[in-house]
Amino acid sequence: MKKFKLLIRSSYLIVLLEVFYYLRISPQVIGTHFVRDNIPDSFGNKYQLFLWELLILIMGESIILIEKNWRVKNKLDNLPELLPREYRLLALPVVIIIMAGFIMFQQISV
């Protein structure tokens, strides 16, 4: 379980590094909502990029809590190995990291 928590929580750091990188290169105003043809129809402050960090934080801690409760319920809480179920759950932060990178790039390139 410790390894699972470490892997999930390391995704927070990756998204945080993405946010800081995009904050450095972004203009003060970024697009926050896009319609057809990638045209923004709503704008906001560049610090709204931190919402991605909040999203991955809430999602990651929820996954850890759900998995911890599942392990306790099935009496697998002392097992040091990652379960196949946990490998599948690790795919979600990877998808969020990739998606956040692309969407933040789109937001700052307005």
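Quick caveat: nothing in here was measured; it's all calculated off a predicted structure.
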E53 meets the salt bridge (Lys or Arg N to Asp or Glu O under 4.0 Å) criterion, sequence neighbours left out, with none

**Steps toward side-chain contact (heavy atoms from CB on, under 4.5 Å) verdict (L23, Y47)** = CA-CA 7 Å; L23 276 177; Y47 293 105; 4.0 Å; yes

- Do V94 and L92 share a hydrophobic cluster, counting only Ile, Leu, Val, Met, Phe, Trp and Tyr and linking them when any side-chain heavy atoms are less than 4.5 Å apart? no

- Item | hydrophobic_cluster_shared for L55 and Y12, side chain cutoff 4.5 Å | yes

Practice prompt. Check the pair Q107 / F102 against side-chain contact (heavy atoms from CB on, under 4.5 Å), numbers first and verdict last.
Written response: CA-CA 9 Å; Q107 287 179 303; F102 284 122; over 6 Å; no

For P40 and G31 the tightest heavy-atom approach is CB-CA, 4.1 Å

Note: E81 and E86 closest approach over all heavy atoms is O-OE1, 4.0 Å

**Same apolar cluster (I L V M F W Y, side chains within < 4.5 Å links), M99/F105** = yes

I'd like to know if K5 and E61 make a salt bridge, using a cut-off of under 4.0 Å between side-chain N and carboxylate O. no

Please check this pair: side chain of S26 against backbone of I108, looking for a donor-acceptor N/O pair closer than 3.5 Å. no

d(L49 CG, I103 CD1) to nearest 0.5 Å is 11.5 Å

Is it true that M59 and I66 fall in one hydrophobic cluster, defined by side-chain heavy atoms closer than 4.5 Å? no

Contacts of E18 meeting salt bridge (Lys or Arg N to Asp or Glu O under 4.0 Å) (sequence neighbours excluded), chain-then-number -> none

Are the aromatic rings of F50 and F20 close, with centres under 6.0 Å apart?
-> yes

Does the R85 side chain pair with the main chain of E67, one donor and one acceptor, at a distance under 3.5 Å?
no

Quick one: do I30 and Y21 end up in the same hydrophobic cluster if we chain Ile, Leu, Val, Met, Phe, Trp and Tyr together by side-chain heavy atoms under 4.5 Å apart?
yes

- Evaluate the side-chain contact (heavy atoms from CB on, under 4.5 Å) criterion for residues L83 and F4: first the C-alpha distance (whole Å), next the side-chain angles of each, then the deciding distance (0.1 Å), finally the verdict. CA-CA 9 Å; L83 301 174; F4 179 71; over 6 Å; no

So CD1 of I96 and CD1 of I14: to nearest 0.5 Å the spacing works out to 13.0 Å

side-chain contact (heavy atoms from CB on, under 4.5 Å) for L82 and L7? Distances and angles first, verdict last.
CA-CA 11 Å; L82 281 177; L7 290 171; 4.0 Å; yes

Interatomic distance, CD1@I63 vs CD1@I8, rounded to 0.5 Å, equals 5.0 Å

**Prompt:** Would you say Y22's side chain and L17's backbone share a donor-acceptor pair under 3.5 angstrom?
**Reply:** no

### Task
Using a 4.5 Å cut-off on heavy atoms from C-beta on, say whether the side chain of K46 contacts that of M104.
no

So CG of D41 and CZ of R36: to nearest 0.5 Å the spacing works out to 11.0 Å

